[in-house]
Student: 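Following this message is one structure expressed as structure tokens.
It should be emphasised that the depicted structure is a prediction, and the values quoted were computed from it without experimental measurement.
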Amino acid sequence: GRQFWAAPGSSSCRFADYFVTCGLDTESGLEPDELSGENFEQSPLRRTFKSKVLAHYPDNVEWNPFDQDAVGMLCMPKGLSFRTQTDIHKPQFHSFIITREDGSRTYGFALTFFEEVTSKQICSAMQTLYHMHNAEQYEILHTPPTPRSPEDTRSTPQQLLAAPSLSRLQRFNSYDISLDTLYVSKCICLITPMAFAHACRRVLEQLHQAVTSPQPPPMPLESYVYNVLYEVPLPPAGRSLKFSGVYGPVVCQRPSTAELPLFDFPLQEVFELLGVENVLQLFTCALLEIQILLYSQHYQRLMTVAESITALMFPFQWQHVYVPILPASLLHFLDAPVPYLMGLHSNGQDDRTKLELPQEANLCFVDIDNHFIELPEDLPQFPNKLEFIQEISEVLLAFGISSEAKPQCSEGQSKLRVFRSGDMASDKRNGNLASSPLNSYLLRENQTIARLQALVKRTGVSLEKEDTSTNKDSKVQCDEEELKKHQLNIRVREVFANRFTQMFSDYEVFVIQPSQDKESWFSNRDQMQNFDKASFLSDQPEPYLPFLSRFLETQMFASFIDSKILCHDDEDKEHTLRVFDSRVDKIRMLNVRTPTLRTSMYQKCTNIDEAGETNCDLLCTSRLCKIDHTALHPHLLDMKIGQGRYEPGFFPRLQSDVLSTGPTSNKWAKRSAPAQWRRKDRQKQHTEHLYLDNDQRELHQSCCFFGQWASCDFLILSMQKYIQEARNLGTTLRQPKLSNLSPSVIAQTNWKFVEGLLKECRNKTKRMLVEKMGREAVELGHGEVSITGVEENTLIASLCDLLERIWSHGLQVKQGKSALWSHLLHYQESKEKRDATPAGLVPPERRKSDAGCAMPPLKVSMIQDMRHIQNISEIKTDVGKARAWVRLSMEKKLLSRHLKQLLSDHELTKKLYKRYAFLRCDDEKEQFLYHLLSFNAVDYFCFTNVFTTIMIPYHVVIIPSKKLGGSMFTANPWVCVSGELAETGVLQVPKNTLEITFECQNLGKLTTVPMGHDNSGLYAKWLVECVMVRNGITGHTYKFPCGRWLGKGVDDGSLERILVGELVTNTETEDRMCRTPPMQQSPGMMRRFVTISPNSKPKLNTGQIQEGVGEAINGIVKHFHKPEKERGSLTLLLCGEYGLVWALEQVFQHGFKSPRLFKNVFIWDFLEKAQVYFESTEQSQMTQDENWQMRVRHFCHFMHAINSTPRNIGKDGKFQMLVCLGARDHLLHHWIALLAECPITAQMYEDMALLKDHSLVNSLIRVLQTLQEFIITLEASLVKGIGI
């Protein structure tokens, strides 16, 4: 393939852009680093002081302007440390990352070591600090303690709660200028465009070794620094490069364009520190864009874990705040109300409980050193988690690594450890595995490694590790350990990448290509759906859904799909997308199974062959063993006599005149990038802008802004403006500075967050409404269904997360893990003090026994809703309570109103929040509440459907007809309430009040109320208008219309009826924005024809009847095409208004001959006559085929069973039961055919009756046959007492 010397995303083609030294500036003296959060009660040797960038070479390079503040902060994130000769540490290596405004990254690699302090002023300043400190400590020990106010005890995350004791006091007196030698930390650093961590470490360690070893190095240090800055190029893609360090060769290699991107951090270390299970949980959190905080004493561990997790996400990229090492002075960044991945340095003495984090409701906290991880609640499982863990563990085991986290020696980075034969832990000082007997045995046994050993030997690299403790100048080239690290990395990454290629092997099918041109697509990006989520999810195995439905909502997934839309041909594609797509194509070729039918069968990674090698393994091995390029060797520079000398033990200030510019005639430095490369650059720029232009463009920009410590000129721009600015500024986009951390800048930062949060709220509410409205439109017969229960849950969970982030922005004092619940509790407490009401349940308002009065709505009370949640014993945590409260408020359509009430207590808000907090920005707060108000336009059941096992009080009222004196009624009524989740038994209702309240386990959405009476007393005839049932927690009220008599000898003689209900929408509350038809209804066309009270029989023509049957059947078909959890009530579609029973009633009533005066004839009478006829013809053995006889037997059997039921259900109830059983057993179309041919029909129907029209009967039969493909399960209440 083509080779370019340039690195992606920058014009640099050099291995390193800058060489930097940081440390103590003797001229400015000792400046305490107040921002780093250290406590002045600590001894001066434990305090931190400000470090400075002492020198950097060259001064500046155009493609990567030098950012002094960022480099200074990240080279020495905790500032300077002082030590005496009793406590000197070995050199410590760490890497860091600087993210620029356009999202591109620069890497830094730093080696920190201690040097003797030669300045007399600094030594005497330290001595003075000790005298002062000891005097203070003496005083503290001899004064009685005074209670501190809660304000004083609030500590920053890094503070030690000092409890001075005598033993500590002795330790305080630990620097004596006459006896001790004082040392101070210093740092040398390389800033590079690509992360060649191992090579940079070798370069720095050899430079440090040059000044600490007794013999001077072969050449002045300037020669080596000049060489690495100007004469070592980046290796081209797919090639390896060797160049010279001070004492030995340094090798680096870069993957080809067909391999996984460059990654040079040891994954082995991550698995050893955390264990496979924890790594996978952390990985899941990162994929779902949950806030992640890493915590460790070692900067390099923070960086290794962060870079490993983001590398394993391939092909997806972390889109938010990314600060693997958070300098102590920027701790206020933890307040960011956006997803972040940050690393916090621990001092090794505080435990987790001392950390005061601003928000923890949705936080993943990773204590790396203690191998421990705290996860947010409700974290879904990664698909096939157990098989995945098994596969990763097998790969680790092949390399002799346990899948469990293992305790690391706390001084692992500074002391050589004594290894037992079973101990495969790595020596963290040089990133190599220990040479234990077991290790060499494993190496011998593994053929792959054996082959590698042979290769390594051929290249002349020594395999025997020298004892570094005796021979300081040992030369270690790319040895087998290094190869092993690379191989392990590649294999583990292949296993992870394979999970995504399997899960998304047919993702392209679901990408929605924009119909308009790119420009208009850019400008409407917010409104566009780029992926058909519902169809994709409907293909997935059920266990995957909780994870996948949340993952599809993330910014990283949206950005991935956007880049897919933008890159049509392979030429244009970003590297990651090209590699991923080629892998997906390969899987498609291998998988003969149909691409859309997914199974949850676990497909292992096939890129690893029998010998355990991957193709990339071999490429990597051959690159490392057969070097493609060798850089120029270091050489003497044109230096003046006397320059380049230095004092042993001190890293010198180098000669800037020879290091400030590179060679003029270097063939590769000048080569201009070819045209394709420039085009690629433009394309990259395009995708970078695109990342900024996603659903949360502004939010993402505020994240980039964090990523590179930007602070002042961070702008929120629309797409066009952004592109315009970039054009105008060309390459001179000013690098935002991080030194300017004035209050006004922090305020401006927070202001951007407020705007970002508001925008996110607007997008979320809109997305939820569009989905929900779309779904209701379908139920009203328009359009296609697009939301699933899983998806609705996902959206509501992400709304809860957003509310938590808003409530924790600018919080004064954090209490508990949920900021929202904590605010609600404060409000409840102050309100209860004011009202002094007992905290029991408020009794439901008594209804006057005026029979016509419907149920009054529940009183709106936020406190009451909180009490309901507090009474649910199943919910244990504050975060859980807050989420349940949000769900309940959404279901009651009171979320906006409740939050408005909560925030109307200005005194409380002022007490709890800082001035810049979102909740104290009045305009934004108003807009936010307005967005939430729009939820009232739709019906949510997000509380009822989730908390299925809780106890709920229900209130039932029977409303008899006012017209016909219900007051004389003497029998004892009963009801039974049935819902989607459960049903009650028979409940006796007192006949004087006709209402009861009872408590039982959540019934779900209510569907039917079977009711009746015991026919006792003189007047046992009762005309019931309806039954009302209310859920005492959600306030949902259902109306079950009846409008019929219950009693012997009246109407159809029924003593019990099954009523089918619907949710009553309450239009009285002023906050309701609009009234929608209840969700379960599917009214369609029939509403137009039937505007007659249920008692009078409507006269419909045959066309209208056909349409009614069609719509009833349609409703049932649609019901079965929905995902199972989404189906709602089938009973309603069978027996409800305009359901199947009603439609067939119209068929049988059409052309039914009017009976003689005063005699009511029912359809059941006709069916009974037909039964008698069929039974007699069967007896008389009339010649009919077997099919006919079978159908007749079925029909008569069902009629007989229904007639002999002990229940008093009346003739219409029996007809309903017959239709339901016929639908269940797929017999309706047979029965219609039988009855149309039956002579009884000729007697009882007019000639124009639908049943006598052959073509109409045939089309009716065809429509009913469509029910055959569905398994219809009837609610128990419909078929009680029937043993078929």
Student: Partners of Leu659 by side-chain contact (heavy atoms from CB on, under 4.5 Å), sequence neighbours excluded?
Tutor: Tyr57, Glu222, Val225, Tyr226, Leu654
Student: How about Tyr322 and Glu307: does a side-chain donor come under 3.5 Å of a side-chain acceptor?
Tutor: yes
Student: I'd like to check Asn60 versus Tyr18 (side-chain heavy atoms, cut-off strictly below 4.5 Å). Are they in contact?
Tutor: yes
Student: Going by the angle between their ring planes, with limits at 30° and 60°, are Phe113 and His208 parallel, tilted or perpendicular?
Tutor: tilted
Student: Is there a side-chain contact between Phe365 and Tyr295, using heavy atoms and a 4.5 Å cut-off?
Tutor: yes
Student: For residues Leu334 and Leu344, determine if any side-chain heavy atom of one lies less than 4.5 Å from a side-chain heavy atom of the other.
Tutor: yes
Student: Taking atom OH of Tyr183 and atom CZ of Arg83, what is their separation to the nearest 0.5 Å?
Tutor: 13.5 Å
Student: Could you tell me which non-hydrogen atom of Pro634 sits nearest to which non-hydrogen atom of Met219, and how far apart they are?
Tutor: O-CE, 3.4 Å
Student: How long is the straight-line distance from CE of Met76 back to NZ of Lys186, given to the nearest 0.5 Å?
Tutor: 10.0 Å
Student: Going by the rule salt bridge (Lys or Arg N to Asp or Glu O under 4.0 Å), which residues pair with Glu116 if we only count those two or more places apart in sequence or in a different chain?
Tutor: none
Student: Between Leu267 and Leu312, is a side-chain contact (heavy atoms from CB on, under 4.5 Å) present by the stated rule, with each step listed?
Tutor: CA-CA 10 Å; Leu267 280 173; Leu312 292 174; 4.2 Å; yes
Student: Between Gln206 and Tyr224, does the side-chain contact (heavy atoms from CB on, under 4.5 Å) criterion hold? Intermediate values first, please.
Tutor: CA-CA 10 Å; Gln206 292 188 31; Tyr224 302 104; over 6 Å; no
Student: Salt-bridge test for Glu482 and Lys485: reply yes if a basic N is under 4.0 Å from a carboxylate O, no otherwise.
Tutor: yes
Student: Are the side chain of Asn489 and the backbone N or O of Phe265 linked by a donor-acceptor pair below 3.5 Å?
Tutor: yes
Student: Quick one: CG on Leu294 to CZ on Arg301, what's the gap to the nearest 0.5 Å?
Tutor: 12.5 Å
Student: Check Ser185 against Gly79 and note the closest heavy-atom contact, atom names and distance.
Tutor: OG-O, 4.3 Å
Student: With sequence neighbours left out, what residues match Ser223 under side-chain hydrogen bond (donor to acceptor under 3.5 Å, both in side chains)?
Tutor: none
Student: Determine the minimum heavy-atom distance between Val246 and Ala210, stating which atoms define it.
Tutor: CG1-CB, 4.0 Å
Student: How would you list, by chain and number, every residue that makes a ring pair (Phe, Tyr, Trp, His ring centres under 6.0 Å) with Phe243, sequence neighbours excluded?
Tutor: Phe15
Student: I want to check something: taking the side chain as every heavy atom from C-beta on, are Arg14 and Trp63 in contact at a cut-off of under 4.5 Å?
Tutor: yes
Student: Quickly, which of Thr304, Thr112, Leu74, Ile325 forms a side chain to side chain contact (heavy atoms under 4.5 Å, CB included) with Tyr299? Name it, please.
Tutor: Ile325
Student: Determine whether Gln300 and Glu269 satisfy the following criterion, side-chain contact (heavy atoms from CB on, under 4.5 Å), listing intermediate values before the conclusion.
Tutor: CA-CA 11 Å; Gln300 188 55 14; Glu269 189 179 334; 5.6 Å; no
Student: Shortest non-hydrogen contact from Val211 to Pro652?
Tutor: CG1-CD, 4.0 Å
Student: Just wondering, do Val71 and His56 contact through their side chains at under 4.5 Å, heavy atoms?
Tutor: no
Student: Can you classify the ring geometry of Phe96 versus His94 as parallel (below 30°), tilted (30 to 60°) or perpendicular (above 60°)?
Tutor: tilted
Student: Is the shortest side-chain heavy-atom distance between Leu30 and Leu129 below 4.5 Å?
Tutor: yes
Student: Which pair of non-hydrogen atoms, one from Ala306 and one from Leu341, has the smallest distance, and what is that distance?
Tutor: CB-CD2, 3.9 Å
Student: Return yes if some donor-acceptor pair links the side-chain N/O of His345 with the main-chain N/O of Gln297 below 3.5 Å, else return no.
Tutor: yes
Student: Measure the spacing between CD of Gln209 and OG1 of Thr212 and express it to the nearest 0.5 Å.
Tutor: 6.5 Å
Student: Between atom CD of Gln268 and atom CG of Leu273, what is the distance when rounded to the nearest 0.5 Å?
Tutor: 10.0 Å
Student: If I take atom OG1 from residue Thr86 and atom CG from residue Asp180, how far apart are they, to the nearest 0.5 angstrom?
Tutor: 6.5 Å
Student: Mind checking what makes side-chain contact (heavy atoms from CB on, under 4.5 Å) contact with Thr21, not counting sequence neighbours?
Tutor: Phe19, Leu54, Ala55, Ile188, Phe651
Student: Side chains of Leu229 and Pro58: closer than 4.5 Å at any heavy-atom pair?
Tutor: yes
Student: Does Asp264 use its side chain to pair, donor to acceptor, with the backbone of His198 at less than 3.5 Å?
Tutor: yes
Student: If the condition is ring pair (Phe, Tyr, Trp, His ring centres under 6.0 Å), which residues does Phe82 pass it with, not counting sequence neighbours?
Tutor: Phe49
Student: Would you check if Met194 and Tyr107 make a side-chain contact, meaning some heavy-atom pair closer than 4.5 Å?
Tutor: no
Student: Can you check side-chain contact (heavy atoms from CB on, under 4.5 Å) on Asn278 and Leu282, steps first, answer last?
Tutor: CA-CA 6 Å; Asn278 280 342; Leu282 170 57; over 6 Å; no
Student: Which heavy atom in Leu234 sits nearest to a heavy atom in Pro193, and how many Å separate them?
Tutor: CD1-CG, 4.0 Å
